[in-house]
Amino acid sequence: MVTKETDNFNIEQICISGQCFRMEPIDGSTYSVVAGGRYVEITQEGKSCTFRCAEEEYESFWRHYFDLDEDYGAYIKNIDVKDDYLRSAALLGSGIRILRQDLWEMTASFLISQQNNITRIRRCISNICETYGEKRESASGRVYYTFPEPEALAELEEDALKECNLGYRSKYVVRTARSIAYGDVNLDHIRSLSYPEAKAELLKLYGVGDKVADCICLFGLHHLDAFPVDTHISQALKAHYRRGFPKRRYKGYRGVMQQYIFYYELNGKR
DNA sequence: GTTCAGGCCGCCA
DNA sequence: TGGCGGCCTGAA
């Protein structure tokens with residue numbers, strides 16, 4: 001058990017922000033997270049966060065995974081005081097962080113995300129993990145499944161993942177798994193590239209377009225300059241930034257602003 | 001019953 | 001280079 005005081009960290013907001021599909025509420029204030037072959041339960045009460053894992057595991061993995069060494073308050077403080085819309089969005093989603101998730105898992109996940117709803121995306125990924133992932137048990141006795149390696153999916157028929165409810169996205173994931181497993185695209189190499197270079201390389205993957213590539217860069221490579229434009233963001237930009245989003249002002253952390261806007265659009269209009 | 005999801009591919013002008 | 005039809009499926 002590790003308990004930490006946190007700023008600008010809210011596990012519920014992160015869960016429903018839609019960047020991680022393997023995080024879910026267990027009860028009111030406790031969430032489970034599967035990442036990097038690990039499992040943890042997190043309980044938050046105000047600023048106090050309790051991670052149900054050993055101190056060593058928190059320090060070596062989860063602290064970095066949740067990007068807890070970064071000062072998101074500084075990003076929020078830099079928001080244009082005249083930009084009421086962005087300030088409201090950042091206020092609502094001030095507990096969001098850009099998680100440092102696995103590159104391959106993000107690639108597959110955002111291939112699945114296209115033209116899809118978040119509820120179904122979660123189910124698709126859960127199905128894939130339970131069918132092709134590795135079954136494990138946490139110290140607390142909870143059974144969970146890891147995300148399968150590309151090699152495990154590369155050998156499948158292109159339509160095999162329709163069994164996991166992927167629909168037409170099945171061949172995107174299988175072909176991409178092959179490209180990676182057979183070395184046509186090297187993820188380790190991509191990790192060493194700049195944002196534009198990495199994006200160009202990801203665009204070679206079948207089923208990866210401009211938007212998905214940006215999501216992979218933001219969530220799988222932590223390139224905070226990536227600014228994925230989906231239907232929601234596109235509509236928000238039209239409504240609130242007639243002359244375009246001031247990307248230059250937020251250079252270096254545009255993706256954080258994108259997440260505030262995305263979260264605000266989906267959860268701000270109750 | 002309809003619409004529409006965190007789009008992309010393939011085809012056509 | 002840009003526009004458009006088609007695509008699996010199931011929440012809402």
Side-chain angles (χ1 to χ4, degrees), chain A residues 13-25 86 89 92-93 96-99 101-103 105-128 130-131 153 156-180 184-185 199-241 245 247 254-270:
Chain A
Q13 288 176 19
I14 293 170
C15 181
I16 60 183
S17 70
Q19 58 176 301
C20 175
F21 305 104
R22 309 216 59 208
M23 184 180 299
E24 58 185 39
L86 191 53
L92 186 76
I96 296 172
R97 280 165 186 266
I98 309 296
L99 305 185
Q101 301 186 77
D102 178 74
L103 178 54
E105 183 172 337
M106 289 301 96
T107 303
S109 296
F110 282 94
L111 278 172
I112 294 166
S113 79
Q114 63 183 72
Q115 198 63 19
N116 209 339
N117 61 67
I118 292 184
T119 309
R120 185 176 162 211
I121 297 167
R122 287 198 139 87
R123 274 195 44 224
C124 288
I125 291 170
S126 168
N127 290 341
I128 289 179
E130 287 177 24
T131 308
L153 304 184
L156 301 177
E157 297 289 329
E158 291 195 349
D159 285 342
L161 293 177
K162 288 187 176 178
E163 299 293 319
C164 296
N165 295 308
L166 267 70
Y168 69 89
R169 304 164 196 81
S170 176
K171 63 176 180 291
Y172 294 167
V173 175
V174 173
R175 284 201 205 176
T176 289
R178 289 176 187 161
S179 297
I180 293 167
D184 300 328
V185 171
K199 182 172 176 179
E201 201 63 21
L202 289 166
L203 285 170
K204 294 178 181 173
L205 296 167
Y206 185 64
V208 174
D210 193 69
K211 188 270 174 181
V212 169
D214 272 332
C215 284
I216 300 169
C217 284
L218 183 55
F219 304 125
L221 291 165
H222 210 72
H223 286 307
L224 296 186
D225 250 340
F227 190 92
V229 178
D230 59 49
T231 53
H232 299 112
I233 296 293
S234 177
Q235 285 178 27
L237 296 191
K238 276 178 195 158
H240 302 283
Y241 299 96
F245 185 75
K247 284 192 173 182
R254 297 163 183 155
V256 179
M257 300 300 126
Q258 189 273 4
Q259 278 297 281
Y260 293 148
I261 295 171
F262 183 76
Y263 183 83
Y264 191 52
E265 288 299 313
L266 269 64
N267 305 292
K269 301 161 181 172
R270 296 278 155 91

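Among the heavy atoms of the strands lying under 4.0 Å from A:Q19 is at least one base atom, whether or not backbone atoms are also near. Note on A:S109: nothing from the nucleic acid sits closer than 4.0 angstrom, heavy atoms only. As judged by a 4.0 angstrom heavy-atom cut-off over every strand, A:G209 is placed among residues touching the sugar-phosphate backbone only.
Look at A:N117 and you won't find any side-chain N or O under 4.0 angstrom from OP1 or OP2 of B:dG6. Distances shown here put a side-chain N or O of A:Y206 below 4.0 Å from the OP1 or OP2 atom of B:dG10. Look at A:T231 and you won't find any side-chain N or O under 4.0 angstrom from OP1 or OP2 of B:dC4. Remark: A:R123 is in phosphate contact with C:dA11, judged by side-chain N or O atoms under 4.0 Å from OP1 or OP2.
Nucleotides C:dC4 and B:dG6, compared at atom P, are 23 Å apart to the nearest Å. The P atoms of B:dC8 and C:dG10 are separated by 22 Å, rounded to the nearest whole Å.
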- Note on the structure: Per-residue pairing states of DNA chain B in dot-bracket (Watson-Crick or G-U under 3.5 Å; . unpaired, | other strand) read .||||.|||||||

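Residue side chain A:R120 does not reach the base of B:dC4 through any donor-acceptor N/O pair under 3.5 Å, judged by distance alone.
Side-chain atoms of A:R169 come within 3.5 Å of backbone N or O of A:L166 as a donor-acceptor pair. A donor-acceptor pair under 3.5 Å links the side-chain atoms of A:Q258 to the main chain of A:P228, judged by distance alone.
Atom P of nucleotide B:dC8 and atom CZ of A:F110 are separated by 12 Å, given to the nearest angstrom. At whole-Å resolution of the value, CD1 in A:I118 and P in B:dA5 are 12 Å apart. Rounded to whole Å, the distance from CD on A:E265 to C1' on B:dC4 is 16 Å. Atoms CG (A:N127) and P (C:dC8) sit 18 Å apart, rounded to a whole Å. The separation between A:R169 atom CZ and B:dC9 atom C1' is 13 Å, rounded to whole Å. A:L166 places its CG atom 18 Å from the P atom of C:dC7, with the value rounded to the nearest Å. Put simply, OH on A:Y168 is 7 Å from C1' on B:dC8, counting in whole angstrom units. C:dC8 atom C1' lies 15 Å from atom CD of A:E158, rounded to whole Å.
Relative to the side chain of A:K171, the nucleotides C:dC8, B:dC8, B:dA5 differ in distance, and C:dC8 lies closest. For A:V212, taking side-chain heavy atoms from C-beta onward, the closest of the listed nucleotides B:dG7, C:dC8, B:dG6 is B:dG7. When distances run from any side-chain atom of A:Y172 to the nucleotides C:dT9, B:dG6, B:dC9, the shortest one goes to B:dC9. The side chain of A:Q114 has B:dG7 as its nearest neighbour among C:dC8, B:dG7, B:dG6.
Between A:L218 and the options A:V256, A:D225, A:L224, a side chain to side chain contact (heavy atoms under 4.5 Å, CB included) holds for only A:L224.
Sorted by first and then second residue, the salt bridge (charged side-chain N to carboxylate O under 4.0 Å, His left out) pairs with a member in residues 207-220 of chain A read A:K199-A:D210, A:K199-A:D214; sequence neighbours excluded.
A:Q13 and A:I96 make their closest contact through OE1-N, 3.6 Å (heavy atoms, listed as atom of the first residue, atom of the second, distance). The two residues A:V212 and A:F110 come nearest to each other via the heavy atoms CG2-O, 3.3 Å. Between A:R22 and A:I125 the shortest heavy-atom distance is CD-CG2, 4.1 Å.
If you look at A:F262 and A:F227, their ring centroids are not closer than 6.0 Å.
When the nearest nucleotides of DNA chain B are assigned to A:T119 and A:G207 by heavy-atom distance, the more 5′-ward of the two goes with A:T119. When each of A:R175 and A:Q115 is assigned the nucleotide of DNA chain B with its nearest heavy atom, A:Q115 is the one assigned upstream, toward the 5' end.
Residues passing the side chain to side chain donor-acceptor pair (under 3.5 Å) test with A:R175 are A:E158, sequence neighbours excluded.
Stacking here means ring centres nearer than 5.5 Å and ring planes tilted less than 30 degrees, and by that measure A:F262 stacks onto B:dG6.
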